[in-house]
Enquirer: 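The structure's right below; bear with me while I get my questions together.
Chain naming here is simple, since letters A, B, ... match the order of the sequence lines and numbering starts at 1 in each.
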Amino acid sequence: MIQNPRIQQILLFLILALHGLLLVTHLTLHVRDEVNPWKLGGYGMYTMPSPATTVTVIAESNPDRFVYVGGLREHNWYFNWYCKTISKQSLDTLLTENHWLIGEPFTITVTTEDFRHYPAGRVDRVIQEATVTWETPDTYLLSGVACGKKDYSKSDTIVWKP
Amino acid sequence: MRDKLFSLAGTPGSLQLAFFAAMLSVIFQNWDDYYAPLLSLPGGAWWGMILGCALYAVPALRQSGLLIFIAGCFLSFFSHWSTAANHSWLAIWTLVPAAFMASWWTSMLYAQYLRYTMGIVMIAAGLQKIIAGTYLDGSYIAWLSFRGSTTEQMFGFLCSGHALVEPCLTYQLIGAGLILWQLVVGVLLLLGLRALWVLVVEIGFLLGAGVFADEMNFQVLNIAILTIIFRTGMPLGLFILCVAFLLADVVGLGEIYTMLQNL
């Protein structure tokens, strides 16, 4: 507990400023269609139907095999910020959860749902597309496009073995 | 008794009751964590919040209860912050600072902080709707009226199904009215207007919106905070109503309506 009113005042001001900054950032991202308006601290719930995000991972040589994407979603904030590039940590989790993907080239596609005003309805929009190729049996190269405009590439070596 | 039920005297007890209602709204919001294992982060945090809330009800243990509740809130929030709804964020912004105060209910500074917070939240919510454009052209009201859940379809009788294809003026007016009201309340809060009629209309608006969306947690949190801002505290009658709505929320108003229809 803080007894000093001056310190209380400063602390509350700082919290208020932080909250305000988050709101301005969220509104800016919403204007650019780069964030799920329902999530990440904005107050845009019920501005449109809650957009569901779908993550699809397809292996080049085995396109029909099931891939568990729970960790990939979780480590990328459930793709609620559409421009967040896929992290190395999340890819590591994906490979941990699906060992058979190691050494296997594959693609990652993330879609969200936009709201079409008239005729009113939901339409899918791709927000992330990425490919993973292998430079050595242990080293992958991840390259992709986030929210349709942000190109990126990351490389990492897997130090663990299944 | 009648005085207790409807008194807006703003006694320390009625302010505490408002805060207690806000705490309950957070617990009910995280109701799903009830199913998580007790020793997991969401499960343990949820039971921690309940313990904090129970201790808060005992005057001698109030501060300890508040701290335990806030710790539970934090743990629960950070375990799923990227998917957390508005309610969870607002609870963190509004309830956590109370733990810094020796006696928040006597602190005008805390009430002022809540007033500014709710002011910017109302304006941000209004701006989000303007940016989306779905309220001004009526498309989202039309969507809810014909594709939404049971309660969301309450405005369905105002326009024909053609409203999904072409704008209907009534839905546009409803959408514009909602935005205007949120912006006006936000500005009035920032300016410091605490007229009783604003509080009464806003509580009515929040309850109506809660019934429409079939989601009462957020509304109860907002109502509780507003009664602290306006220094009226929460009359016992309003508290009972809020608890009834929170309990109904566990099942869902739409579900209850359907069950009653099938009787």
Side-chain angles (χ1 to χ4, degrees), chain A residues 1-33 35-51 53 73-81 84 114-122, chain B residues 63 67 80-90 92-94 96-97 99-103 107 109-110 112-114 116-117 120-135 137-140 142-144 146-148 152 163-167 178 182 209 212-213 215 218:
Chain A
M1 271 179 296
I2 300 163
Q3 304 286 354
N4 186 325
R6 186 74 188 146
I7 297 176
Q8 286 180 350
Q9 197 173 19
I10 291 169
L11 192 67
L12 291 178
F13 175 78
L14 288 176
I15 297 172
L16 193 63
L18 187 65
H19 193 183
L21 189 66
L22 177 71
L23 293 184
V24 171
T25 307
H26 197 281
L27 284 166
T28 309
L29 292 174
H30 186 185
V31 168
R32 297 181 190 162
D33 274 336
V35 70
N36 177 346
W38 283 60
K39 303 293 179 186
L40 300 183
Y43 295 94
M45 279 181 103
Y46 289 101
T47 56
M48 59 182 279
S50 181
T53 306
R73 285 167 57 86
E74 188 182 344
H75 287 294
N76 286 300
W77 305 354
Y78 293 87
F79 294 98
N80 283 321
W81 180 30
K84 184 185 183 307
D114 279 343
F115 181 63
R116 186 187 54 212
H117 297 212
Y118 289 106
R122 294 167 184 262
Chain B
Q63 200 62 27
L67 290 174
H80 67 278
W81 72 272
S82 60
T83 54
N86 292 358
H87 179 280
S88 302
W89 285 87
L90 189 62
I92 291 288
W93 290 117
T94 54
V96 172
F100 302 143
M101 312 279 175
S103 56
S107 168
L109 196 61
Y110 178 63
Q112 203 175 29
Y113 164 78
L114 289 181
Y116 283 123
T117 298
I120 61 172
V121 165
M122 292 285 181
I123 291 172
L127 291 177
Q128 290 271 10
K129 290 179 178 67
I130 292 173
I131 290 167
T134 51
Y135 278 64
D137 70 4
S139 57
Y140 188 45
W143 171 262
L144 291 174
F146 295 99
R147 298 278 185 272
E152 286 167 349
L164 285 169
V165 183
E166 273 183 26
L178 289 173
Q182 272 192 323
F212 177 75
E215 158 81 75
F218 191 57

Enquirer: At a 4.5 Å cut-off on heavy atoms, which part of B:Glu166 comes close to chain A: side chain, backbone, both, or neither?
Expert: backbone
Enquirer: Can you tell me which of A:Met45, A:His19, A:Lys39 forms the most heavy-atom pairs within a distance under 4.5 Å of chain B?
Expert: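 Highest number of heavy-atom pairs under 4.5 Å: A:His19.
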Enquirer: Less than 4.5 Å to any heavy atom of chain A: does that hold for the side chain of B:Ala84, its backbone, both, or neither?
Expert: backbone
Enquirer: Heavy-atom pairs under 4.5 Å with chain A are the metric here; pick the option from B:Val121, B:Ile123, B:Thr117 that has the most.
Expert: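 When all of B:Val121, B:Ile123, B:Thr117 are compared, B:Val121 has the most.
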Enquirer: Do B:Glu152 and A:Tyr46 have side chains that approach each other closer than 4.5 Å (heavy atoms only, starting at C-beta)?
Expert: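 B:Glu152 vs A:Tyr46: side chains touch.
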Enquirer: If I measure from the heavy atoms of chain B, does A:Gln9 come under 4.5 Å with its side chain, its backbone, both, or neither?
Expert: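 Contact with chain B: backbone and side chain both.
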Enquirer: Identify which of B:Met101, B:Met122, B:Glu215 forms the greatest number of heavy-atom pairs closer than 4.5 Å to chain A.
Expert: B:Met101
Enquirer: Classify the ring geometry between A:Trp77 and B:Trp81 as parallel (under 30°), tilted (30 to 60°) or perpendicular (over 60°).
Expert: perpendicular
Enquirer: Given that the side chain runs from C-beta out, which part of A:Pro49 has a heavy atom under 4.5 Å from chain B: side chain, backbone, both or neither?
Expert: both
Enquirer: Hey, does B:Gln128 have a side-chain heavy atom less than 4.5 Å from the side chain of A:His26?
Expert: yes
Enquirer: Are side-chain heavy atoms of B:Leu127 and A:His30 found at a separation under 4.5 Å?
Expert: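 Contact flag for B:Leu127/A:His30 side chains = no.
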Enquirer: Grab the two heavy atoms, one from A:Leu12 and one from B:Pro97, that are nearest each other, plus how far apart they are.
Expert: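 Scanning both residues, the minimum pair turns out to be CD2-CB, 3.6 Å.
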Enquirer: What part of B:Leu67 is in contact with chain A, defined as an atom under 4.5 angstrom from a non-hydrogen atom: side chain, backbone, both or neither?
Expert: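 For B:Leu67, no heavy atom lies under 4.5 Å from chain A.
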Enquirer: Count the heavy-atom pairs under 4.5 Å between each of A:Val31, A:Ile15, A:Asn36, A:Asn80 and chain B, then report the option with the highest count.
Expert: A:Ile15
Enquirer: Using non-hydrogen atoms and a 4.5 Å limit, figure out which bit of A:Leu23 sits close to chain B: side chain, backbone, both or neither.
Expert: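 The side chain, not the backbone.
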Enquirer: Drop me the distance from A:Met48's CE to B:Trp143's CH2, to the nearest 0.5 angstrom.
Expert: 10.5 Å
Enquirer: Given a strict heavy-atom distance threshold of 4.5 Å, which part of B:Gln182 is in contact with chain A: side chain, backbone, both, or neither?
Expert: neither
Enquirer: Which residue out of B:Gly133, B:Ser107, B:Ala132 racks up the most heavy-atom pairs below 4.5 Å with chain A?
Expert: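 The option with the most such pairs is B:Ala132.
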Enquirer: Classify the angle between the aromatic ring planes of A:Tyr43 and B:Phe218 as parallel (below 30°), tilted (30 to 60°) or perpendicular (above 60°).
Expert: parallel
Enquirer: With only heavy atoms counted, which part of B:Ala163 is less than 4.5 Å from chain A, the side chain, the backbone, both or neither?
Expert: backbone
Enquirer: Based on non-hydrogen pairs under 4.5 Å, which of B:Trp93, B:Tyr113, B:Trp89 is most in contact with chain A?
Expert: B:Trp93
Enquirer: Heavy-atom distances under 4.5 Å only: say whether A:Leu11 touches chain B with side chain, backbone, both or neither.
Expert: side chain
Enquirer: If every non-hydrogen atom of B:Ser139 is compared with every non-hydrogen atom of A:Ala120, which pair is closest and at what distance?
Expert: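 Looking at all heavy atoms of both residues, the closest pair is O-CB, 4.4 Å.
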Enquirer: Are B:Tyr116 and A:Phe13 side-chain neighbours, meaning at least one heavy-atom pair lies under 4.5 Å?
Expert: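 They are not in side-chain contact.
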Enquirer: With only heavy atoms counted, which part of B:Ala99 is less than 4.5 Å from chain A, the side chain, the backbone, both or neither?
Expert: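 Just the backbone, heavy atoms under 4.5 Å.
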Enquirer: Do B:Tyr140 side-chain atoms and A:Phe115 backbone N/O form a donor-acceptor pair below 3.5 Å?
Expert: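 Not confirmed, B:Tyr140 side chain does not pair with A:Phe115 backbone.
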Enquirer: Tell me which of these, B:Ala102, B:Ala85, B:Pro167, has more heavy-atom pairs under 4.5 Å with chain A than the rest.
Expert: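 Option with the greatest count: B:Pro167.
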Enquirer: Report yes or no: does B:Lys129 contribute a side-chain atom to a donor-acceptor pair with the main-chain N or O of A:Thr47 at less than 3.5 Å?
Expert: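 Between the backbone of A:Thr47 and the side chain of B:Lys129 there is no qualifying donor-acceptor contact (under 3.5 Å).
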